[in-house]
Amino acid sequence: MKFENYMILEFPSKSCNEAFARSAIACFAAQLDPTLEELGDIRTAVSEAVTNCIVHAYPEGLGTVSMRCRILKDNVLDIVIKDRGVGIPDIDQARRPAFTTGGADRSGMGFTIMESFMTDLEISSKAGKGTTVHMRRKLQRRK
């Protein structure tokens, strides 16, 4: 698919990098002149995806999280967050609101939030190979 601009980031699965990813996507998306609401939604969805990588993908230690963002035609922001961790055994179950494997301090709403804030959400995962979250958001054209 043809794109107008892109960025690729890779960082360790440290909790401090969740804020970095959120800030990076906001800076990249700014060139589309999003509304504050759109920008907040995008930042939140990226935050949820990256947090899932940090909390769930690498239970035995640190791993790598990658984020690829592209600007597609018609004001579409395309985001892929990927890890090479343990994978998700049952994606349908993981997408259910309030389901979590992260313990009592986790709400289990990450995929639900991503789905509600983005135009499209696709999740693929393989045991022992990792998980890929592919999100798109069509932004309003400002007049």
Side-chain angles (χ1 to χ4, degrees), residues 1-140:
M1 180 168 285
K2 191 170 180 165
F3 55 88
E4 296 176 16
N5 199 3
Y6 76 96
M7 76 164 182
I8 299 172
L9 296 176
E10 189 172 276
F11 47 87
S13 60
K14 293 182 173 187
S15 60
C16 62
N17 285 329
E18 177 270 329
F20 168 65
R22 201 172 57 228
S23 296
I25 193 60
C27 291
F28 185 76
Q31 63 194 292
L32 291 171
D33 196 23
T35 65
L36 289 176
E37 181 179 356
E38 288 172 328
L39 196 55
D41 290 352
I42 292 162
R43 287 171 47 110
T44 300
V46 166
S47 176
E48 293 294 333
V50 170
T51 297
N52 279 352
C53 296
I54 292 167
V55 171
H56 301 290
Y58 304 104
E60 302 300 320
L62 290 179
T64 300
V65 178
S66 63
M67 180 167 75
R68 184 197 75 201
C69 308
R70 300 182 302 171
I71 295 174
L72 306 178
K73 67 178 182 171
D74 297 325
N75 238 28
V76 173
L77 184 64
D78 182 75
I79 305 165
V80 175
I81 310 286
K82 185 174 185 173
D83 66 64
R84 295 179 198 96
V86 298
I88 301 171
D90 185 338
I91 293 174
D92 290 334
Q93 183 180 42
R95 289 183 82 149
R96 287 189 204 132
F99 176 81
T100 184
T101 60
D105 62 333
R106 299 288 165 196
S107 70
M109 296 300 290
F111 288 133
T112 302
I113 290 168
M114 287 179 242
E115 192 165 37
S116 67
F117 286 173
M118 302 303 280
T119 307
D120 295 304
L121 174 69
E122 298 170 18
I123 305 158
S124 60
S125 190
K126 291 186 180 176
K129 300 285 185 184
T131 300
T132 300
V133 174
H134 188 176
M135 305 180 278
R136 287 189 177 158
R137 175 70 184 251
K138 180 157 179 48
L139 301 174
Q140 300 174 34

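Only heavy atoms go into these numbers, but all of them, side chains included; no hydrogens, no water, no symmetry mates.
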Could you please spell out the steps behind the side-chain contact (heavy atoms from CB on, under 4.5 Å) verdict for Lys2 and Lys73?
CA-CA 8 Å; Lys2 191 170 180 165; Lys73 67 178 182 171; over 6 Å; no
What is the minimum heavy-atom distance between [X] and [Y], and which atoms define it?
X     : Y      : result
Val86 : Pro59  : CG1-CD, 3.7 Å
Gly87 : Ser125 : CA-OG, 3.2 Å
Leu39 : Ala29  : CD1-CB, 4.1 Å
Phe11 : Ala21  : CZ-CB, 3.9 Å

Please report the interatomic distance [atom1]([X]) to [atom2]([Y]), rounded to the nearest 0.5 Å.
X      : Y     : atom1 : atom2 : result
Ile113 : Glu48 : CD1   : CD    : 4.0 Å
Ile42  : Glu37 : CD1   : CD    : 10.5 Å
Ile79  : Cys69 : CD1   : SG    : 5.0 Å
Glu4   : Leu72 : CD    : CG    : 8.0 Å
Leu32  : Ile71 : CG    : CD1   : 4.0 Å
Met7   : Met67 : CE    : CE    : 3.5 Å

For Lys129, does the NZ atom have more than 12 heavy-atom neighbours from other residues, nucleotides or ligands under 6.0 Å away?
no
I want to check something: taking the side chain as every heavy atom from C-beta on, are Phe28 and Asn5 in contact at a cut-off of under 4.5 Å?
yes
Flag the pair Asn17 / Pro12 as yes when at least one side-chain heavy-atom distance between them is below 4.5 Å, and no otherwise.
yes
side-chain contact (heavy atoms from CB on, under 4.5 Å) evaluation trace for Arg136 with Arg70:
CA-CA 9 Å; Arg136 287 189 177 158; Arg70 300 182 302 171; 4.2 Å; yes
So, Ser13 side chain and Gly63 main chain: donor-acceptor pair closer than 3.5 Å or not?
yes
Under 3.5 Å donor-acceptor, Ser47 side chain and Arg43 backbone
no
Can you run down the salt bridge (charged side-chain N to carboxylate O under 4.0 Å, His left out) pairs that involve residues 8-32, sequence neighbours left out, and say none if there aren't any?
Glu10-Arg84, Glu18-Arg22
Using the rule side chain to side chain donor-acceptor pair (under 3.5 Å), only one of Asp41, Asp120, Asp78, Thr119 pairs with Arg137; which is it?
Asp41
Partner of Asp83 under side chain to side chain contact (heavy atoms under 4.5 Å, CB included), picked from Thr131, Asn52, Ile54, Thr64, is Thr131
Could you go step by step and tell me if Cys53 and Ile81 meet the side-chain contact (heavy atoms from CB on, under 4.5 Å) rule?
CA-CA 9 Å; Cys53 296; Ile81 310 286; 3.9 Å; yes
